[in-house]
**Student:** 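After the structure tokens below, expect a handful of questions from me.
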Protein chains: 2
Amino acid sequence: MRDAAPQGTYKVQALDRAFAVLDLLGESETPLGLAQVAASLQLHKSTAHRFLMVLERHRMVERTANGKFRLGLRLFDFGNRAIEQYDLRDRAQPHLRRLVAETEETAHLALLEAARVIYIDKIEPTRSVRMITRIGASNPVHCTSVGKAILAFLPPERASEILKRVRFERMTTRTIATPEALRAELEKTRRRGYAVDDEELEEGLRCIAVPVLDAQRLPVAAVSVSGPSFRVTAQKLPTIANHLLQCVRGISMDMGYVPAGRGARTALSA
Amino acid sequence: MRDAAPQGTYKVQALDRAFAVLDLLGESETPLGLAQVAASLQLHKSTAHRFLMVLERHRMVERTANGKFRLGLRLFDFGNRAIEQYDLRDRAQPHLRRLVAETEETAHLALLEAARVIYIDKIEPTRSVRMITRIGASNPVHCTSVGKAILAFLPPERASEILKRVRFERMTTRTIATPEALRAELEKTRRRGYAVDDEELEEGLRCIAVPVLDAQRLPVAAVSVSGPSFRVTAQKLPTIANHLLQCVRGISMDMGYVPAGRGARTALSA
DNA sequence: ACGCGCGTCCCATCATGTGAGAACCTAGGA
DNA sequence: TCCTAGGTTCTCACATGATGGGACGCGCGT
């Protein structure tokens, strides 16, 4: 096969193809027909058809009224089982709600995975423009407050391991573009106690984040507050950060974290 | 292969096996080791290993610190893409929030799939015992208020098509057990305008639901309010139903539904 | 030390999935 | 009306790709 198949050594053609189908359907805004799928993936019609049928049997895809294919709800089921195992999300929700009530801005809960952050929950204030983020979506670490918050408080060796894998894509003019700059920023984050994303991911969007710690006092996630730069002003940052810290302390303690004794320096010390 | 492979005509062994692996990991509370997976699925160690590696490459599974496997976050991503296509959930959230504030009980948003309902969102009142339901989980139609709400207002032919596939599992002593009883109940639901589940799914749990209609005035989902029977009393039902109706009208209109003209009888008429 | 369970890896074998083709259907456009 | 495009369902010969036996090495408990 002339398949792109990068470095991954183990291969099961059928699986790669099946996931390619799911990927395709996931990317596409609109449901796709058999022919489109076959063409996009360079599969023979009959091959693509077989895959689609099997996927449908497993309810990984389903058909719309006009016979086109889209992702199936089984995936939704799986997805929820997947995060259930970190039951962070359920525990965090009430705290996030309070945070949103206090700040009147959108709050996100995100996990670190490889060199990206994945948003696992989002709470929006009642009256606010809908933010574009999608639960389940991901962004690079280097241009998000949550990414920086987690990275800053990870043990140095794990942090640099991740740093090595960052590709420093440029999202806006302010996006951090070099490893050195990022390291400096992380140091700043540590001193300040919270991470800031000042329009580094998206013009006009400012975010501030603090890590959630587990029983080992290691960051497992982060919570951020995001809003338009004109509302989330530099003056307000400390206030918001305070709310954030309280929120995150609550979540962390729900997760089994015990505050450090006197003198110990951790992400959540006052 | 002596694989259980039921009636499904199209087959791709590798895919069936891969999904069996995911299923297994999804069912299991705790991460599993290679040997456990191989044993449970009657696969050769090396076969299971290959699958796991490929799945890991696709981030459909991931490994814990001690090398065991669990579902990966990619599934979470896929799952969220899957429901995104019905963007019902996002639109519904604010309405559900209001509903929960008004009733002080848990609200669910559910879709119909085959002869089951899938919960796609859940909002709980701030101070309440956590309900056991999991977003993404599913239940049979015949013993849930959401199921009955949707079924009752579906066009007769689609409804009976689904009715045929109901297996009438008995969940409690009050669970509806025959097609006739269910048909009668649906008729009652239509007249009343809302569906009730009176401890038919779970002892001590009472729910009430109303369908969400789309632009074609067809039910695409349902919203329910659930709570312990001692709080959700018969007297309160009409009040709750009113809140529900208002909520669902809001969601339906957000989805492009236009209220019926005078005289027309639909699920959402006063 | 040894044995055991577990994960990893290699490789000869052949069952499996593959893709070409062809027939048939349906809906929609010219 | 015919014609085209897309989808569904066959069959079949082939070789590729998945399979599982088995070997290796590690860490652990005894």
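Just so we're on the same page: letters track the sequence lines, and every chain starts at 1. Bear in mind that the values here come from a model prediction, so they are computed numbers and not experimental data.
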**Student:** OP1, OP2 of C:dT18 versus side-chain N and O of A:Q13: anything below 4.0 Å?
**Tutor:** yes

**Student:** Report yes if some heavy atom in the side chain of B:R57 is under 4.5 Å from a heavy atom in the side chain of A:K11; otherwise report no.
**Tutor:** yes

**Student:** Is the closest side-chain heavy-atom distance between B:L112 and B:I162 below 4.5 Å?
**Tutor:** yes

**Student:** Starting at NE2 of B:H44 and ending at C1' of C:dT13, how long is that distance when rounded to a whole Å?
**Tutor:** 14 Å

**Student:** Could you tell me the separation between the CZ atom of B:F51 and the C1' atom of D:dG17, rounded to a whole number of Å?
**Tutor:** 11 Å

**Student:** Using a 4.5 Å cut-off on heavy atoms from C-beta on, say whether the side chain of A:Y119 contacts that of A:N139.
**Tutor:** yes

**Student:** A:R50 has an atom CZ; how far is it from atom C1' of D:dT11, in whole Å?
**Tutor:** 13 Å

**Student:** List the residues meeting side-chain contact (heavy atoms from CB on, under 4.5 Å) with A:H58, not counting sequence neighbours, and say none if there are none.
**Tutor:** A:V54, A:M60, B:D16, B:F19

**Student:** Under a 4.0 Å threshold between the charged nitrogen and the carboxylate oxygen, would B:R190 count as salt-bridged to B:E187?
**Tutor:** yes

**Student:** Distance check: side-chain N/O of A:R17 vs OP1/OP2 of C:dG19, anything under 4.0 Å?
**Tutor:** yes

**Student:** Report, one pair per line, the protein and nucleotides 25-30 of chain C atoms (nitrogen or oxygen only) whose separation is under 3.5 Å.
**Tutor:**
none

**Student:** Can you tell me which residue pairs pass the salt bridge (Lys or Arg N to Asp or Glu O under 4.0 Å) test with a partner in residues 149-163 of chain A, sequence neighbours excluded?
**Tutor:** none

**Student:** Listed by chain and number, what are the side-chain hydrogen bond (donor to acceptor under 3.5 Å, both in side chains) partners of B:H108, not counting sequence neighbours?
**Tutor:** B:T133

**Student:** Rounded to the nearest Å, what distance is computed from the CG atom of residue B:L52 to the P atom of nucleotide D:dT19?
**Tutor:** 13 Å

**Student:** Between P on C:dC11 and OH on A:Y10, what's the gap in Å once rounded to a whole number?
**Tutor:** 13 Å

**Student:** Tabulated below should be each protein N or O lying under 3.5 Å from an N or O of nucleotides 4-7 of chain C; please produce it.
**Tutor:**
unit_1	atom_1	unit_2	atom_2	d
C:dG7	OP1	B:L34	N	3.0
C:dG7	OP2	B:L34	N	3.3
C:dG7	OP2	B:A35	N	2.7
C:dG7	N7	B:K45	NZ	3.3
C:dG7	O6	B:K45	NZ	2.8

**Student:** Just N and O in the side chain of A:T47: are any of them under 4.0 Å from OP1 or OP2 of C:dG19?
**Tutor:** yes

**Student:** Closest-nucleotide mapping onto DNA chain D: is B:L43 or A:S46 further toward the 5' terminus? I mean the 5' end.
**Tutor:** A:S46

**Student:** For residues B:E169 and B:C143, determine if any side-chain heavy atom of one lies less than 4.5 Å from a side-chain heavy atom of the other.
**Tutor:** no

**Student:** For the side chain of A:M53, counting heavy atoms from C-beta on, which of D:dT19, D:dA18, D:dT9 is nearest?
**Tutor:** D:dT9

**Student:** Please name all residues satisfying side-chain hydrogen bond (donor to acceptor under 3.5 Å, both in side chains) with A:S138, sequence neighbours left out, ordered by chain then number.
**Tutor:** A:R116

**Student:** Could you check how far CG of B:L15 sits from P of D:dA18, rounded to whole Å?
**Tutor:** 10 Å

